[in-house]
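Keep in mind that what you see is a predicted model, and the values were worked out from it rather than measured.
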Amino acid sequence: MDALGTRTPLAPPAGRELAYGALWASVDWPNDADFDPHALAQRYERASIMAGVLPIGTPPGATMPKAAFFWSLRADRLDDWREAGLVRWKAQVATLWPDCAPLLDQIHDPDQLTFARYAHRTLAAPAEPALVHIGDAWHSASPQLGQGANMALLMPGLWPRVWRIRAAWMKGLGTGSGSGAAMS
């Protein structure tokens, strides 16, 4: 099972990188903010600025739930963002979405944010003998296009194909059809 994302080393390069990506940070869930602890919240300014807060649960060993915070950014403007500094960026975020102040207060260093560049990618086939590519490893699109939810809805349609491929592979190994067996 390959779920290593759009830059998976288990598949040939495909698709193209996009101009946009996003800065991502995992921060403590802000108990005093007005976010739904069960839903993604986003704010936009046209299609060029997007911010989001996503509840991501409580990691093992942690005592507080976490949120993923993201801010869209053109890849060619990443160096400019770093040079401008956190104070300017935080002011821009707070202007768009004042409720993010408790999240921004937790970010003290640019290295707390990871830049992820988006890409469009679709493999010719989601499966090959002994390997199935799922999620962004199979098909990725910019989150700004809302494709993550759409792909999640399409993924169940992949499983009948996966089982047919697995059955044919198992039959070729002489171990039977493999129907009903757990994937190895």
Under 3.5 Å, is there a donor-acceptor pair between the side chain of [X] and the main chain of [Y]?
X: K90; Y: I107; result: yes
X: T58; Y: T63; result: no
X: Q106; Y: D28; result: yes
X: R117; Y: L18; result: yes
X: Q92; Y: R88; result: no

Can you tell me how far apart [atom1] ([X]) and [atom2] ([Y]) are? Round to the nearest 0.5 Å.
X: R7; Y: S140; atom1: CZ; atom2: OG; result: 8.0 Å
X: D2; Y: I134; atom1: CG; atom2: CD1; result: 8.0 Å
X: L104; Y: L86; atom1: CG; atom2: CG; result: 9.5 Å

Exercise. Which ILVMFWY residues can you reach from L4 by hopping between side chains whose heavy atoms are under 4.5 Å apart?
Worked result: L10, L131
Non-hydrogen side-chain atoms of [X] and [Y] separated by less than 4.5 Å:
X: P55; Y: H38; result: no
X: L96; Y: I49; result: yes
X: T6; Y: Y118; result: no

Exercise. Would one find more than 12 heavy atoms of other residues, nucleotides or ligands at under 6.0 Å from atom CG of D36?
Worked result: yes
Exercise. Under a 4.5 Å side-chain heavy-atom rule over Ile, Leu, Val, Met, Phe, Trp and Tyr, are L103 and M64 clustered together?
Worked result: no
Problem set entry | Verdict with supporting geometry, R43 and M50, side chain to side chain contact (heavy atoms under 4.5 Å, CB included) | CA-CA 6 Å; R43 296 293 181 273; M50 181 173 78; over 6 Å; no
For this session: Not counting sequence neighbours, list each pair that qualifies as a ring-ring contact (aromatic ring centres under 6.0 Å, His included) and has a residue in residues 45-70.
Result: W24-F70
For this session: Verify the ring-centre separation between F115 and W71: is it less than 6.0 angstrom?
Result: no
Problem set entry | Pair E17, H120: side-chain N/O donor-acceptor within cut-off below 3.5 Å | no
Problem set entry | Stepwise side chain to side chain contact (heavy atoms under 4.5 Å, CB included) test for F35 and L40 | CA-CA 9 Å; F35 297 112; L40 167 66; over 6 Å; no
Exercise. Is R121 paired with D136 through a side-chain N to carboxylate O contact shorter than 4.0 Å?
Worked result: no
